[in-house]
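Here the structure comes first, spelled out in structure tokens, and everything after it is commentary.
Note that the numbering runs from 1 along the sequence shown for the chain.
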Amino acid sequence: MAYRVERFGSATREDFRRLHSDVNGAGWCRCVAWWVPTWDRWGERSAQENAALREELCEADEYDGLLAYGGGDPVGWCQLGPRDRLEKLVRQFELEPEPGTWAVSCFLVAPSLRGRGVASALLEAAIGAARAEGADMLEGYPRTAADDAGELWTGPERLFVRAGFTHFRDVPPRRIYRLGLA
């Protein structure tokens with residue numbers, strides 16, 4: 001199946017909500033994990049708190065990702081944007097500020113379509129979007145040993161390798177992969 005990928009924006013907010021729902025096992029996070037200051041008490045947050053933070057981000061014009069469509073329905077998501085705006089991510093991976101570096105930091109694929117190329121289509125589009133928006137470098141943060149799909153929210157390692165990313169550094173339990181865009 002061919003997937004169409006679009007930049008997340010005000011016109012696609014409802015599609016984001018449809019994808020990030022209990023039906024897809026994603027009604028709790030709403031892709032705000034990297035936006036909260038720390039992991040402390042992360043698991044105690046409610047779905048409503050996370051949904052409210054996502055709405056705040058949208059109201060602040062922070063449309064931080066791409067949506068994939070299959071047959072007209074939203075079937076996948078990846079978070080994408082300038083890396084340094086995600087302060088928790090920068091701290092966790094002990095990264096120096098790099099204004100030209102972008103991050104693809106989260107993936108969600110509808111369970112019925114996992115393993116069918118949605119994440120690859122999203123990453124390919126993320127590479128193109130980051131390049132078109134002036135990024136010099138794109139990073140990904142796959143987990144080194146993920147035994148279940150719930151731990152693949154930053155993308156599987158093989159996804160980045162197949163797309164030409166190279167291993168940069170280990171920060172257990174994750175690895176940093178980079179792709180030069182300049």
Side-chain angles (χ1 to χ4, degrees), residues 1-89 92 102-130 132-133 135 138-143 146 148-156 159-160:
M1 176 186 281
Y3 303 102
R4 174 176 51 90
V5 178
E6 292 185 17
R7 195 73 156 109
F8 179 39
S10 60
T12 56
R13 278 169 82 169
E14 186 54 36
D15 291 341
F16 176 92
R17 290 184 198 107
R18 284 178 43 213
L19 182 64
H20 289 80
S21 66
D22 290 336
V23 170
N24 291 316
W28 178 74
C29 179
R30 309 294 168 96
C31 206
V32 298
W34 294 118
W35 288 102
V36 297
T38 72
W39 290 114
D40 295 337
R41 305 178 66 103
W42 167 247
E44 297 172 21
R45 291 177 61 89
S46 70
Q48 293 78 15
E49 287 175 297
N50 292 339
L53 177 52
R54 173 50 62 190
E55 292 303 312
E56 288 174 27
L57 289 166
C58 290
E59 291 302 317
D61 206 31
E62 185 60 67
Y63 291 101
D64 60 340
L66 302 170
L67 286 161
Y69 293 84
D73 293 317
V75 297
W77 157 266
C78 76
Q79 187 174 49
L80 172 73
R83 183 198 70 194
D84 293 348
R85 78 199 193 300
L86 301 172
E87 294 176 20
K88 180 169 73 172
L89 182 143
Q92 178 175 330
W102 279 37
V104 58
S105 47
C106 185
F107 286 87
L108 169 63
V109 175
S112 64
L113 291 173
R114 289 183 181 154
R116 297 190 179 176
V118 176
S120 293
L122 283 162
L123 185 55
E124 181 181 325
I127 292 166
E133 294 184 42
L138 186 59
E139 288 183 343
Y141 314 94
R143 192 171 173 97
D148 67 70
E151 289 298 323
L152 294 177
W153 61 276
T154 54
L159 175 70
F160 294 99

Residue pairs involving residues 24-34 (criterion salt bridge (Lys or Arg N to Asp or Glu O under 4.0 Å); sequence neighbours excluded): none
Salt bridge (Lys or Arg N to Asp or Glu O under 4.0 Å) contacts touching residues 68-79 (sequence neighbours left out):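 For residues 68-79: Arg18-Asp73.
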Could you list the residues that satisfy side-chain contact (heavy atoms from CB on, under 4.5 Å) with Ala125, not counting sequence neighbours?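 side-chain contact (heavy atoms from CB on, under 4.5 Å) list for Ala125, sorted by chain: Val5, Leu66.
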[X]: what forms a side chain to side chain donor-acceptor pair (under 3.5 Å) with it, not counting sequence neighbours?
X	result
Gln92	Trp39
Arg83	Glu139
Glu6	Arg4
Arg17	Glu14, Glu55

Less than 4.5 Å apart, any side-chain heavy atom of Val104 and any of Leu122?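 They are not in side-chain contact.
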Stepwise side-chain contact (heavy atoms from CB on, under 4.5 Å) check, Cys31 with Leu108: CA-CA 9 Å; Cys31 206; Leu108 169 63; over 6 Å; no
Considering residues at least two apart in sequence or located in another chain, which fulfil the salt bridge (charged side-chain N to carboxylate O under 4.0 Å, His left out) criterion with [X]?
X	answer
Arg45	none
Glu49	none
Glu87	none

Of Phe107, Trp34, Tyr141, the one forming a ring pair (Phe, Tyr, Trp, His ring centres under 6.0 Å) with Trp153 is Trp34
State whether the side chain of Arg114 and the backbone N or O of Val109 hold a donor-acceptor pair below 3.5 Å, judged by distance alone.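 At least one qualifying donor-acceptor pair exists.
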Does Asn24 reach the main-chain N or O of Ala110 with its side chain, forming a donor-acceptor pair under 3.5 Å? no
Qualifying side chain to side chain donor-acceptor pair (under 3.5 Å) pairs with a residue from residues 63-72, counting only residues at least two apart or across chains: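 Sorted pair list: Arg13-Tyr63, Asp15-Tyr69, Trp35-Asp64, Arg54-Asp64, Asp64-Gln79.
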Set of residues satisfying ring-ring contact (aromatic ring centres under 6.0 Å, His included) with respect to Trp77, sequence neighbours excluded: Phe8, Phe16, His20
